Amino acid sequence: MTARLMVHQINAALNELMAEDERIYVIGEDVLDPYGGAFKVTKGLSTRFPQRVLTTPISEAVIVGAATGMALRGLRPVCEIMFGDFLGLAFDQILNHATKYPLMYAQNVPCPITIRTPMGGRRGYGPTHSQSLEKYFVGIPGLEVTALHRFQPVQPFYRRALLDGDGPSLIIENKMMYGQTPLAHLKDGYDDFQLRRHGRDVVEAELSLTGFAHEDLTLITYGGMSDLCLSAAKQALIDFEISANVIILGNLSPLPLDVLTAACERTGRVLVVEEGTRAWGVGSEIVAQLTPRLWSRLKAAPARVACEAPVLPNSQALENEFLPSVADILQQMRALVTA
Amino acid sequence: MDRTETFYRKLSLIRRFETHLLEQFSWGKLSGTTHTCIGQEANAVGLTAHMTGDDVVFSNHRCHGHYLALTDDVAGLLAELMGREQGVCHGWGGSQHLHRDGFYSNGIQGGIVANAVGAALAEKTKNSGAVTTVFLGDGTLGEGIVYEAMNLAALWALPVLFVIEHNGYAQSTPTAMQLAGEVAARPRAFGIETHCLASNDTDAVYAAATPLFDGLRSDGKPRCFVSFTYRLGPHSKGDDTRDPAEIEAKRADDPVLSYRRKLPEDVATRIDAANQQRLVEIVARLEQSAPAGSQHP
Ligand SMILES: Cc1ncc(C[n+]2csc(CCOP(=O)(O)OP(=O)(O)O)c2C)c(N)n1
Ligand SMILES: [Mg+2]
């Protein structure tokens, strides 16, 4: 399979890593060939590694729970949770088991379990299959949470979680992104943007239309809102002469605070954009962590764009109406510069 | 030392340890909480006697007996409860969160059953020959993950021994108020070979577990052991709402006192005295020891 789209690259990365290290097991629902997972991420893996790809009953708690036991005893399991919405069923295993074992015994017990899951809407899957629930997980001590994006070199991203780390990690894969083309090959430009990457294996992408200088504000985003933020940045410059740099996060928890601080210091205006619901959101914490660091340079109170609907509607028209849009981002950008 | 003496040494040690804890709590010398296994020692001793160095154990809130019978680490456990640096988890884990070698305990009911199934899978892939044992109470049969885990263990033929210590209560709630159907019918519904025993005799537990461990080590398939037992002490410290007459009647079947009668009086007395002296020495040493440091984890 050629690695044409993001989904193919994730698949290729899993293939390579499984070939390299026999401790890696893939465990999840419907992951076997010919089906290859609900989003086809695991296609071909069970044919090549029949002993190490385990299809399970519909039992998210025991998927993560068994993987935790496997990790405690020397394996490196990767769980696929079919939809991120189903992570709730595994919450206790993440909170009170996988993340507790390395911490509560005060013995640095390794528990290298990776959980990958698709999040996000815009595919018309309705209220219980479209959510962005990472905010419920980023606050769990001992859990590393990362979000894949198109500027991110895919193989090192998975290698770090699957092979390098010794603790539990949660990988958020945006559903729309699976079908998009990777942009990791781009060195220093994308479309009209100049591009920089920060970090080593898990990277933050920073994009600017004005050469990383003279920007008015910084957009911070991740996952499914990334493309919308880039569109908004372009339109803001053309229509309103507002220039923005855009940070697309790879690391959600812990946050890459130095990268964020450096990007926001230049502008003094911060807008965090996320697809999940607003209250107690990822954006709330980003703002809380950044504000004291930026205090003397802030020109306006940091602002947030997030989903305002308490539940995501199924119909595409309604979904588009209620998910954060380019127009929502633009409106907040204008409010910030005129504040 | 023959087996009877070894078993009695462990039974009497666990009983003394747990009694000491309850005393210390009642005098306000220990803080936090604890769940002693007074009355259930036969399971700990009889089952761990089948275990070898590679075997894995997951245990629950009522884990001291399992831990002591397996590791004999009196000082590490007591120091842990006293919040000392020498504690097996340096004072971070406490009574319900112990780890040493292949032993893991967790104070959340049910979740460890899934972890045990995963551990068994890992040991199977390593061809280590290890058996993974998980201890759970009758009350914990109310947790859904137990059944997810049993299903997977049976489906994937994993070498796990589920030990259900059925003491008739979940904290304050009698079994009849929290459990429908039969206990043994649950594992059996998944095709898991299940053996029930209503005895507090360590030799009987040991004998009943022999075919289970033999089977686990030969075909690697899961087994379940349901032990009908009784908790003679409170659920945790002073929280007993059961009829005192009921508890008193059960004292006739005290697993430690009954087992003691299998030994000549002088041998039993010698074992009791040795255990007592060992505990006293450890207590004295730990009282002088440094409190847990804050550098962990
Ligand atoms: C998930 C969870 N719910 C509730 C508790 C509180 N709790 C601790 S022990 C216990 C009773 C457990 O009963 P059982 O499984 O029969 O074990 P026993 O105490 O009888 O040994 C309860 C309710 C807990 N520790 N974890
Ligand atoms: Mg009970």
Side-chain angles (χ1 to χ4, degrees), chain A residues 21-29 49-79 89-113 141-142 166-168, chain B residues 54 56 58 80 85 87-94 96-126 128 130 132 134 143-156 158 160 292-297:
Chain A
D21 196 314
E22 295 204 329
R23 295 171 302 171
I24 299 178
Y25 280 67
V26 166
I27 164 168
E29 293 159 19
F49 311 103
Q51 306 300 320
R52 290 194 282 136
V53 181
L54 309 173
T55 195
T56 69
I58 309 169
S59 307
E60 290 78 12
V62 89
I63 291 173
V64 176
T68 298
M70 290 162 74
L72 288 175
R73 302 303 298 170
L75 300 181
R76 292 189 160 264
V78 186
C79 307
L89 290 108
F91 192 83
D92 178 61
Q93 280 299 322
I94 299 173
L95 177 72
N96 282 320
H97 296 79
T99 55
K100 284 295 183 291
Y101 289 119
L103 296 171
M104 71 181 179
Y105 298 141
Q107 296 173 45
N108 294 319
V109 172
C111 190
I113 161 181
D166 265 336
Chain B
D54 288 336
V56 179
F58 281 84
E80 186 62 29
E85 182 58 33
V88 58
C89 297
H90 308 288
W92 285 75
Q96 313 187 68
H97 314 98
L98 306 173
H99 168 57
R100 181 172 161 160
D101 304 323
F103 185 98
Y104 307 82
S105 73
N106 192 327
I108 298 287
Q109 300 305 326
I112 55 166
V113 186
N115 302 153
V117 167
L121 173 67
E123 297 304 322
K124 183 178 177 177
T125 66
K126 289 190 265 175
S128 70
T132 300
V134 55
E143 296 287 3
I145 194 168
V146 171
Y147 306 100
E148 293 188 22
M150 283 184 173
N151 183 45
L152 213 61
L155 199 62
W156 292 352
L158 300 175
V160 194
S294 56
Q295 71 274 25
H296 307 284

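Please read all numbers here as calculations on a predicted model, not as lab measurements. Below, chains carry the letters A, B, ... as their sequence lines are ordered, and counting in each starts from 1.
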How many angstroms lie between [atom1] in [X] and [atom2] in [Y], if you round to the nearest 0.5 Å?
X        : Y       : atom1 : atom2 : value
B/Trp156 : A/Leu54 : CH2   : CG    : 4.5 Å
A/Leu72  : B/His99 : CG    : NE2   : 8.0 Å
B/Thr125 : A/Leu75 : OG1   : CG    : 4.5 Å

Next on the checklist: At a 4.5 Å cut-off on heavy atoms, which part of A/Ile58 comes close to chain B: side chain, backbone, both, or neither?
Outcome noted: neither

Next on the checklist: Using heavy-atom distances under 4.5 Å, tell me whether A/Asp92 contacts chain B through its side chain, its backbone, both, or neither.
Outcome noted: side chain

Next on the checklist: Restricting to side chain to side chain contact (heavy atoms under 4.5 Å, CB included), what partner residues turn up for A/Pro168, sequence neighbours left out?
Outcome noted: A/Ala98, A/Thr99, A/Pro102, A/Ile113, A/Leu143

Any heavy-atom pair between the side chains of [Y] and [X] that's under 4.5 Å?
X        : Y        : answer
B/Asn106 : A/Met104 : yes
A/Pro57  : B/Asn151 : yes
B/Trp92  : A/Leu103 : no

Checklist entry - Can you tell which of A/Gly74, A/Ala61, A/Ala67, A/Ala71 has the highest number of heavy-atom pairs within less than 4.5 Å of chain B? => result A/Ala61

Checklist outcome for this item: Nearest heavy-atom approach of B/Ala149 to A/Val62 is CA-CG2, 3.6 Å

Checklist entry - Which atoms form the tightest heavy-atom contact between A/Asn96 and B/Ile108, and what is the distance? => result ND2-CD1, 3.4 Å

Next on the checklist: Using only atom types and a distance under 3.5 Å, with no angle test, would you say the side chain of A/Gln107 pairs donor to acceptor with the backbone of B/Cys89?
Outcome noted: no

Checklist outcome for this item: Turns out that what part of B/Ser105 lies under 4.5 Å from chain A's heavy atoms comes down to backbone

Checklist entry - Side chain, backbone, both or neither: which part of B/Tyr104 has a non-hydrogen atom closer than 4.5 Å to chain A? => result both

Donor-acceptor pairs under 3.5 angstrom involving side-chain atoms of residues 110-123 of chain B: please list them, not counting sequence neighbours.
{"from": "B/Asn115", "atom 1": "OD1", "to": "A/Tyr101", "atom 2": "OH", "distance (Å)": "2.6"}
{"from": "B/Asn115", "atom 1": "ND2", "to": "A/Gly65", "atom 2": "O", "distance (Å)": "2.9"}
{"from": "B/Asn115", "atom 1": "ND2", "to": "A/Gln93", "atom 2": "OE1", "distance (Å)": "3.1"}
{"from": "B/Glu123", "atom 1": "OE1", "to": "B/Ser128", "atom 2": "OG", "distance (Å)": "2.7"}
{"from": "B/Glu123", "atom 1": "OE2", "to": "A/Arg73", "atom 2": "NE", "distance (Å)": "2.7"}
{"from": "B/Glu123", "atom 1": "OE2", "to": "A/Arg73", "atom 2": "NH2", "distance (Å)": "3.2"}
{"from": "B/Glu123", "atom 1": "OE2", "to": "B/Lys126", "atom 2": "NZ", "distance (Å)": "3.0"}

